[in-house]
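As the structure is a computational prediction, the values presented were derived from the model and not from experiment. Every heavy atom of this structure was used, including side-chain atoms; hydrogens, water molecules and symmetry mates were not.
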Amino acid sequence: MKRVTGIGGVFFNAKEPVALRAWYKQHLGIDVQAWGGAAFTWSDAAGNPTNGTTAWSIGAADGEHFAPSQSTFMVNYRVENLTSLLQALRDEGCNVLEKTDDSEYGKFGWVMDPEGNKVELWQPPEGK
């Protein structure tokens, strides 16, 4: 079974998220949107768009999205079969969080790494 197939997103928290988003927009040219982040569209070697995006987002330091982790960041990894991977991780003794989400954006599950970082696993919707 394939496990991680790519990075779906990078999320981090900041003490002053609005100011930090503005800094990234001004100095690095990231097209930060009203929702607090940007979506980078994938392209092939010739620059032609392909299916897939990588999300990048800055949230508030007091947010609960990364809980139970105390870390200020979370990486979202693309996977092919979330259900099978979560079961394999459980079988291997990993700390898999019970909650999962299934929405128009795909299926999401989480596992804690050995250092207490929450890792997001994402199975995109069909055709994405």
Kindly give the heavy-atom pair with the smallest separation between Asp31 and Ala38, and that separation in Å. O-CB, 3.5 Å
Minimal non-hydrogen separation, Glu104 against Pro125, with atom names: O-CG, 3.3 Å
Could you check if a side-chain atom of Asp101 sits within less than 4.5 angstrom of a side-chain atom of Trp110, using non-hydrogen atoms only? yes
Is the closest basic N to carboxylate O distance between Glu120 and Lys107 below 4.0 Å? no
Any chance the side chains of Ser71 and Asn117 put a donor and an acceptor closer than 3.5 Å? yes
Strictly by side-chain hydrogen bond (donor to acceptor under 3.5 Å, both in side chains), give each pair with a member in residues 52-68 just once, sequence neighbours left out. Trp42-Thr54
Pairwise side-chain contact, Val75 with Val119, heavy-atom cut-off 4.5 Å (strictly under): no
Mind listing the closest non-hydrogen atom pair of Gln123 and Leu82 along with its distance? OE1-N, 2.8 Å
Taking Met1 as the starting point, is it possible to reach Val79 by hopping between hydrophobic residues whose side chains are less than 4.5 Å apart? yes
For side chain to side chain contact (heavy atoms under 4.5 Å, CB included), just list the numbers for Leu28 and Trp23, CA-CA rounded to whole Å, side-chain angles, deciding distance to a tenth of an Å, and then say yes or no. CA-CA 8 Å; Leu28 297 184; Trp23 186 92; 3.9 Å; yes
Considering all heavy atoms of both residues, which atom of Arg21 and which atom of Gly59 are nearest to each other, and what is their separation? NH2-CA, 4.1 Å
Over all heavy atoms of both residues, which pair between Ala67 and Lys118 is shortest? Give the atoms and the distance, please. O-NZ, 3.0 Å
Before giving the answer on side chain to side chain contact (heavy atoms under 4.5 Å, CB included), spell out for Leu121 and Leu89 the whole-Å C-alpha distance, their side-chain angles and the decisive distance to 0.1 Å. CA-CA 11 Å; Leu121 304 171; Leu89 293 170; 3.8 Å; yes
Side chains of Val10 and Phe73: does their closest heavy-atom pair fall under 4.5 Å? no
Any heavy-atom pair between the side chains of Lys25 and Ile30 that's under 4.5 Å? no
Side chain to side chain contact (heavy atoms under 4.5 Å, CB included) assessment of Phe66 paired with Asn13: CA-CA 9 Å; Phe66 301 168; Asn13 288 334; 3.2 Å; yes
CE of Met112 to CG of Leu97, rounded to nearest 0.5 Å, is 6.0 Å
Side chains of Met74 and Ser69 in contact at under 4.5 Å (non-hydrogen atoms): no
Sequence neighbours excluded, the answer for side-chain hydrogen bond (donor to acceptor under 3.5 Å, both in side chains) partners of Lys2 is none
Nearest heavy-atom pair of Leu20 and Ala14: which atoms, and what distance? CD2-CB, 3.5 Å
Can you get from Phe11 to Phe40 by hopping between Ile, Leu, Val, Met, Phe, Trp and Tyr side chains that sit under 4.5 Å apart? no
In the structure I gave you, are the side-chain heavy atoms of Thr100 and Phe108 within less than 4.5 Å of one another anywhere? no
How about Glu92: does its CD atom have over 12 heavy atoms from other parts shown lying under 6.0 Å from it? yes
Treat each ILVMFWY residue as a node, draw an edge where side-chain heavy atoms are under 4.5 Å apart, and state whether Ile7 and Tyr105 are in one component. no
The side-chain hydrogen bond (donor to acceptor under 3.5 Å, both in side chains) partners of Glu16 (sequence neighbours excluded) come to none
From CG (Asp113) to SG (Cys94), nearest 0.5 Å: 10.0 Å
